[in-house]
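Remarks on the structure that follows.
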Protein chains: 2
Amino acid sequence: MRDLDETDMKILSLLAEDARRPFSSIGEEVDLSGPAVSDRVKRLEESDIINGFTIDVNRAQLRAGVPVFIQAEIGSESLEPACKQARESDGVEHVFTTSEGDLWFYARVEAHNVRQWMNGLFDEINIADYTVTLIDAMEWTPSVDGAEFALTCAECNNTVDTEGETTRIDGEVYHFCCPSCLARFEDRYQRLEEGV
Amino acid sequence: MRDLDETDMKILSLLAEDARRPFSSIGEEVDLSGPAVSDRVKRLEESDIINGFTIDVNRAQLRAGVPVFIQAEIGSESLEPACKQARESDGVEHVFTTSEGDLWFYARVEAHNVRQWMNGLFDEINIADYTVTLIDAMEWTPSVDGAEFALTCAECNNTVDTEGETTRIDGEVYHFCCPSCLARFEDRYQRLEEGV
DNA sequence: AATGAAAGGATTAAGCC
DNA sequence: GGCTTAATCCTTTCATT
């Protein structure tokens, strides 16, 4: 795959500002034709760089329960399923996994009893302990600073440039800076699979 | 202003799933014509319920520094400016204010020294203490559960229905369940202004 | 990646309840 | 006020170079 160039960054920024902006109008800003922008956007979607087009909803004006931030300690074998469950649950908006293997998330709870809600949420998952913090305000900044964007190698974290490689493994897209990193990653991945 | 009805909720959900979906196609799902959907979306934008159309970018694949979650204790008089500063800073993506007056945020730090980065970020603001947690993965679910949506009164937090009022004060849109709440809010607001 | 033709969507205006 | 339909204009898509 091609590296993300300046033009791609600019397109990402413009779409982040207004996702419904016509491709032809974006094209005028980046000196490209409408179809050319369309092609690039399609590529960005296929590379899983654009996850999707969405709206920024002012949730503060909408009743959606009590906003809470939950920090849960979870056994490492349950982290993955717990994460999935949180993600798919209504009201959960942001899910973080810390490097220590804890699961943190922001949610809006309609139940009157958070403990009850948590029990229902993580039905068959064992949670050692968790803390609940009430949130007063929450803001999300979709703004995209073009300069901060570049692809990173899934193996070594270096910047991926024109020489890079892209592969899809189990439906997920990964980028690599060089064939060695790709090979190493595939190796690790396979061993992981076999281990399971 | 009209209450947000079931149809508006459905439109919000559909746009959250795909903000570029044609209005006419949305119209088919909610049994409305294209122009009618367009009108409703325009109203949702004018009421500041839709902040904007944007993209969900897979930041994990883009180099944007080390993902961290920072929990900072801040004196109550500095909370507002600190919040603003965080929000406007590059790399800061989610900002939470806890009910205890702490400032929490998720950011991607490019600097090699987080402490240095923090000092630069909050230049003239006094921060009592903060903790930094490394984040492995972060996911955001823009999905909107229609059922959980309703306007809330800015004064009493009750649901705003058809009888509600909407006003713009200093460029911000506020919704109220009744004229009394509007009056009370305006009163409080004015006293606040005069106090400053 | 540009072009041009064809298909499809957005917006406007007129009219209805 | 909010809806629909029809006309117009604009945008996207696709085939071609």
Side-chain angles (χ1 to χ4, degrees), chain A residues 1-47 49-56 61 146 151 161-162 164 166, chain B residues 1-56 146 149-151 159-168 173-179 182:
Chain A
M1 196 201 81
R2 267 248 326 284
D3 182 26
L4 290 196
D5 61 18
E6 275 301 307
T7 307
D8 290 315
M9 304 303 175
K10 192 90 183 278
I11 291 174
L12 284 176
S13 294
L14 293 171
L15 283 174
E17 269 171 42
D18 179 9
R20 278 190 86 91
R21 183 165 179 181
F23 291 157
S24 47
S25 153
I26 293 175
E28 279 172 27
E29 275 210 40
V30 299
D31 292 318
L32 240 57
S33 67
V37 174
S38 172
D39 280 354
R40 276 168 184 262
V41 171
K42 197 175 285 165
R43 224 185 43 227
L44 289 167
E45 286 188 81
E46 279 164 2
S47 318
I49 288 169
I50 294 178
N51 284 335
F53 302 90
T54 187
I55 45 173
D56 179 11
Q61 294 205 359
L151 277 179
D161 65 9
T162 330
T166 298
Chain B
M1 196 200 80
R2 268 248 326 283
D3 182 27
L4 288 195
D5 61 17
E6 275 301 308
T7 307
D8 291 314
M9 305 302 176
K10 194 95 181 274
I11 292 174
L12 283 175
S13 294
L14 294 170
L15 283 175
E17 268 171 43
D18 179 9
R20 279 189 85 93
R21 184 165 178 182
F23 289 156
S24 47
S25 153
I26 292 174
E28 278 172 28
E29 290 226 15
V30 299
D31 292 319
L32 239 58
S33 66
V37 173
S38 174
D39 279 355
R40 276 167 182 263
V41 170
K42 199 175 286 167
R43 225 184 37 230
L44 288 167
E45 287 188 82
E46 280 164 3
S47 318
D48 285 358
I49 288 168
I50 294 179
N51 284 335
F53 301 91
T54 187
I55 44 173
D56 179 12
F149 270 173
L151 276 181
T159 307
V160 176
D161 65 10
T162 330
E163 318 283 286
E165 311 238 345
T166 299
T167 318
R168 194 178 281 269
V173 174
Y174 300 94
H175 305 281
F176 303 93
C177 64
C178 59
L182 167 57

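By convention in this document, chain letters (A, B, ...) are assigned in the order of the sequence lines, proteins followed by strands, and residues within each chain are numbered from 1. Note that this is a predicted model, so its numbers are computed, not measured.
Per the geometry, CD1 belonging to A:I26 stands 17 Å off C1' belonging to C:dA1, to the nearest Å. The CD-P distance, from B:E28 to D:dC3, rounds to 17 Å in whole Å. Atom CZ in A:F53 sits roughly 11 Å away from atom P in D:dT12 (whole-Å rounding). Between the CG atom of B:L32 and the C1' atom of D:dT4 there is a distance of 10 Å, rounded to whole Å. Atom-to-atom, CZ of B:R40 to P of D:dG1 comes out at 15 Å; the value is rounded to the nearest Å.
The CG atom of B:L14 lies 9.5 Å from the CD1 atom of A:I55; values are rounded to the nearest 0.5 Å. Of the inter-residue distances, the one linking A:L44 atom CG with A:K42 atom NZ reads 12.0 Å to the nearest 0.5 angstrom.
Within the helix from C:dA1-D:dT17 to C:dC17-D:dG1, the inter-axis angle between the opening and closing five-pair segments is 30°, rounded to 10°.
Applying side chain to side chain contact (heavy atoms under 4.5 Å, CB included) to B:R43 and the options B:I50, B:I49, B:D8 leaves one that passes, B:D8.
With sequence neighbours excluded, the residues that form a side-chain contact (heavy atoms from CB on, under 4.5 Å) with B:T7 are B:D5, B:I11, B:V30, B:L32, B:R40. Applying the salt bridge (Lys or Arg N to Asp or Glu O under 4.0 Å) rule to A:E29 yields the partners A:R21; only residues at least two apart in sequence or on another chain are considered. By the side-chain contact (heavy atoms from CB on, under 4.5 Å) test, A:E28 is found to be paired with no residue, residues two or more places apart in sequence or in another chain being considered. Annotation: ring pair (Phe, Tyr, Trp, His ring centres under 6.0 Å) contacts of B:Y174 (sequence neighbours excluded): B:F185.
With a 6.0 Å radius and a threshold of 12 heavy atoms from other residues, nucleotides or ligands, B:E45 has its CD atom above the threshold.
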Between protein and nucleic acid, restricted to nucleotides 10-17 of chain C and to nitrogen or oxygen atoms under 3.5 Å apart, what atom pairs and distances do you find?
| unit_1 | atom_1 | unit_2 | atom_2 | d |
| --- | --- | --- | --- | --- |
| C:dA10 | OP1 | A:R20 | NH2 | 2.8 |
| C:dA10 | OP1 | B:F23 | N | 3.2 |
| C:dA10 | OP2 | B:F23 | N | 2.9 |
| C:dA10 | OP2 | B:S24 | N | 3.3 |
| C:dT11 | OP2 | B:S38 | OG | 3.2 |

